[in-house]
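Taking it in order: structure first as structure tokens, then the write-up.
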Amino acid sequence: MPVLPLTALAGYVLTPLVLLLGADMLVHGHLTPGGGFQSGVVLATGVHLLYIAGDLPALRRLRPLAWCYYAEALATAFPDVAGAFALAAEQMRNGAAYSAQVLGDGGSAVIPVAAPHWTATGIGLSLLSTGLAVVLAAMAVRPPPVPRVLRPLGPISRRCIDVLHEVHSGHAGDYVAWLLLGVTVLAALVAVPVVLG
């Protein structure tokens, strides 16, 4: 089934931006609950936007499945490694607990653990996000017919996609270039309100 031109265009444009967002979440994941998991999901989504854009060869070059199998095997063989790292990081963040364990102060400081906070707003937003994801997935499987108002945009978006196909070969250097372009555009968008304000 052919990919809609606007879908392909959105996939090519969003790939570097989503990868940038995922990298940012990965770097700052320890500051948010579940940040490491969320960054993995965002990075995987960024990679698979190429599949949504209809460029399966580029996806295969960017995501070699053999590496995924090895990573899964290592993660299965060592399930407690991540937990040990998280506990060590939490203990090092807590100065009293760290000095009690390392310097042997005699007493062991208790590491405070925050209780989970469930709110109606949080649950509602989670259900809304899940519902929207299901609707978008259903639309991706069976795309609705293109409205007549948008049909004239088909040839224009097809030309844009052809240009993007020419510059998007799937090599790692191209992804780095697109990532830098996305960073530049994002920095410019952030700088405009600062400069004008």
Side-chain angles (χ1 to χ4, degrees), residues 1-29 34-35 37-69 71 121 124-197:
M1 184 166 65
V3 177
L4 295 175
L6 290 174
T7 304
L9 179 64
Y12 282 123
V13 170
L14 288 176
T15 295
L17 296 175
V18 172
L19 289 175
L20 176 67
L21 177 65
D24 179 64
M25 290 176 72
L26 182 65
V27 172
H28 297 99
F37 172 77
Q38 294 163 4
S39 64
V41 170
V42 172
L43 287 170
T45 302
V47 169
H48 286 88
L49 280 173
L50 288 173
Y51 178 73
I52 293 172
D55 198 350
L56 187 58
L59 173 66
R60 287 184 177 151
R61 284 191 298 269
L62 186 65
R63 181 209 58 174
L65 287 178
W67 293 6
C68 296
Y69 296 142
T121 305
L125 287 174
S126 296
L127 291 174
L128 178 66
S129 298
T130 303
L132 285 174
V134 168
V135 168
L136 289 175
M139 288 176 66
V141 172
R142 288 200 180 267
V146 178
R148 288 185 183 193
V149 177
L150 296 178
R151 287 185 186 156
L153 296 176
I156 297 170
S157 61
R158 175 51 56 195
R159 273 186 250 130
C160 293
I161 289 169
D162 290 340
V163 170
L164 284 173
H165 266 287
E166 290 176 12
V167 297
H168 221 301
S169 69
H171 297 290
D174 288 343
Y175 290 106
V176 171
W178 280 102
L179 184 64
L180 290 175
L181 176 68
V183 170
T184 306
V185 169
L186 186 62
L189 291 174
V190 170
V192 166
V194 173
V195 171
L196 295 178

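Note that this is a predicted model, so its numbers are computed, not measured. In what follows, residues are counted from 1 in the order of the sequence shown.
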Where do C160 and L9 come nearest, in terms of heavy atoms and distance? CB-CD1, 3.9 Å
Checking side-chain contact (heavy atoms from CB on, under 4.5 Å) between L14 and each of L19, T45, L49, L21, which is the one that passes? L49
Nearest-0.5 Å distance that lies between atom CG in L189 and atom OG1 in T184: 11.0 Å
Working to the nearest 0.5 Å, report the span between CG of D24 and CG of L43. 10.5 Å
Between P152 and V149, the two heavy atoms sitting closest are CD-O, 3.3 Å
What pair of heavy atoms forms the shortest contact from A53 to G11, and how long is it? CB-CA, 4.0 Å
Value for CG (L186) from CG (L181), rounded to nearest 0.5 Å, stands at 11.0 Å
